Amino acid sequence: TCRRQRQMCIRDRLQYWRSGGSSSPVLTPEADAVVARMTALSAAEETAVRNFVNGCVDDGNWDKLDEFWCFALNQTDALTGFKSFTATIPILGDPVFTSNGITLGTGGNNHIDTDVRLPLAPNYQVDDSEAGVYLHTQPAWGSGNNDLFGTQTGLTDPRLRMRHRGDDNNDFAASINGTATINTPLSAAAMDNTLYTLKATASAAELYFNGVLQPDAAGAQPTVPTTYAVWIGVCNDTDSELQPCRGGTFTSFYVGAALDTLAFYNRLATFQTALGVT
């Protein structure tokens, strides 16, 4: 019986790959669990979700994710995490749900609260951690600092940040703890349609654009921020907004550890295209 089940699994996976991974996806327990958390998926959305999850399983990335959101899903399911969390947006915020994701308003209190507190994330560890956000579009930055996502517990405490510094030579000053300066100047337009990933090793922080490591990263020994949940579109500074990224459209977000980041980006790009993200 076990041998027959293995043969059927191999056959089904061959059928999935031969179909191009775009229709009639394999019914797997991983994808079934994700679909069960959703309540309003269209047939096309369900197929795209299943193909994405199955692809992440095949790449060895699925079990390394603590959580993943796709904000380009229908408005009902856009804030439902694929694993166990449910994100929220403050009642005073004025987000707009589009086929490209969630566009945060330009007023106060506009962010997405993932409710992920990093010490409780089983994969995210002191010297092996990763988080990333797909930024679809972002208006002109101006000269201030802007956080694509982040959390910190005071200036001297552990922190996870993905800060963009506007109008200077160090357009990214991303950090997991301490500062990792990435000398990669970007205009606002050049930032669109990019997966920004912040990773940590035992000695440094690393920044990836669409799965490609950027040069000139340096950082302190990473530690895990405590207590405060990760917010998207702003840094969560003791449950207060710090350096918000107003008006940006965010398509997805994930947190975990030790992923094959380029493989994950490729799966994500295929997934988002299937959903109609431009």
Side-chain angles (χ1 to χ4, degrees), residues 9-10 12-35 45-73 81-83 101 114 116 121-125 127-136 148-149 160 162 172 174 176 182 184 191-202 204-215 217 222 232 250-277:
C9 179
I10 293 171
D12 288 344
R13 288 195 177 276
L14 285 172
Q15 179 182 355
Y16 168 67
W17 286 113
R18 287 167 181 164
S19 71
S22 60
S23 61
S24 302
V26 177
L27 301 180
T28 64
E30 295 89 351
D32 288 346
V34 175
V35 170
E45 285 179 320
E46 180 175 340
T47 296
V49 167
R50 288 185 179 278
N51 286 339
F52 171 70
V53 173
N54 290 339
C56 288
V57 171
D58 289 336
D59 294 336
N61 278 332
W62 183 248
D63 288 339
K64 298 175 182 178
L65 288 169
D66 287 314
E67 192 53 278
F68 169 80
W69 283 269
C70 180
F71 303 126
L73 292 174
F82 279 36
K83 293 273 184 154
T114 68
V116 172
N123 289 308
Y124 188 104
Q125 300 296 326
D127 60 353
D128 190 0
S129 50
E130 180 169 347
V133 64
Y134 190 92
L135 179 68
H136 182 268
L148 298 181
F149 62 85
L160 163 76
M162 177 63 85
F172 269 94
I176 286 196
I182 316 298
T184 308
M191 294 189 65
D192 294 349
N193 296 297
T194 300
L195 175 67
Y196 295 93
T197 299
L198 181 61
K199 301 180 72 166
T201 66
E206 298 176 341
L207 179 64
Y208 292 72
F209 295 169
N210 288 340
V212 178
L213 177 64
Q214 300 302 297
I232 300 170
F250 297 89
T251 307
S252 57
F253 177 82
Y254 76 97
V255 62
L259 278 76
D260 181 334
T261 307
L262 182 57
F264 181 77
Y265 164 71
N266 289 331
R267 295 289 182 188
L268 182 63
T270 300
F271 177 36
Q272 293 179 167
T273 298
L275 293 176
V277 175

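The analysis underlying the following values was restricted to heavy atoms, covering all of them including side chains, and did not include hydrogens, waters or symmetry mates. Computed from a predicted structure; not experimentally measured.
Contact between A48 and A274 at its shortest, heavy atoms only, is CB-CB, 4.0 Å. Annotation for L195 and G132: closest pair CD1-C, 4.2 Å, computed over non-hydrogen atoms. The nearest pair of heavy atoms linking G256 to D66 is CA-OD2, 3.6 Å. Counting all heavy atoms, side chain and backbone alike, T261 lies closest to G211 at CG2-CA, 4.0 Å. What you find for N123 and D63 is that their closest heavy atoms are ND2-O, 3.1 Å. The shortest heavy-atom contact between A131 and F253 is CB-CZ, 4.3 Å.
Atoms CG and CG, from N193 and L135 in turn, are 8.0 Å apart once rounded to the nearest 0.5 Å. Expressed to the nearest 0.5 Å, how far CD of E130 lies from CG of L198 amounts to 9.0 Å. How far CG of L65 is from CZ of F264: 5.0 Å, rounded to the nearest 0.5 Å. Between atom CG of residue L268 and atom OG1 of residue T273 there is a gap of 9.0 Å, rounded to the nearest 0.5 Å. Atom SG of C56 sits about 11.5 Å away from atom NZ of K64, to the nearest 0.5 Å.
Here the rule is side-chain contact (heavy atoms from CB on, under 4.5 Å) with R267, and of L262, V53, D59 only D59 fits it.
Side-chain N or O atoms of K199 include none that pairs as donor or acceptor with a backbone N or O of L213 at under 3.5 Å. Side-chain atoms of E30 do not come within 3.5 Å of backbone N or O of W62 as any donor-acceptor pair.
Remark: Y208 pairs with E206 by the side-chain hydrogen bond (donor to acceptor under 3.5 Å, both in side chains) rule, at least two apart or across chains. Partners of Y134 according to the side-chain hydrogen bond (donor to acceptor under 3.5 Å, both in side chains) rule, which considers only residues two or more places apart in sequence or in another chain, do not exist here.
In this structure the side chain of T194 reaches within 4.5 angstrom of the side chain of N210, judged on heavy atoms. Annotation: side chain of I232 is in contact with side chain of V133 (closest heavy-atom distance under 4.5 Å). Using a 4.5 Å heavy-atom threshold, the side chains of R50 and L27 count as touching. Using a 4.5 Å heavy-atom cutoff, the side chains of V49 and F271 are in contact. No side-chain heavy atom of W69 sits under 4.5 Å from any side-chain heavy atom of Y254.
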If you apply the rule side-chain hydrogen bond (donor to acceptor under 3.5 Å, both in side chains), what do you find for E67 with T114, and how did you get there?
CA-CA 9 Å; E67 192 53 278; T114 68; over 6 Å; no
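Side chains of N61 and D260: a donor-acceptor N/O pair is absent below 3.5 angstrom, by distance only.
Below 30°, between 30° and 60°, or above 60°: for F52 and F82 the angle between ring planes is above 60°, a perpendicular geometry.
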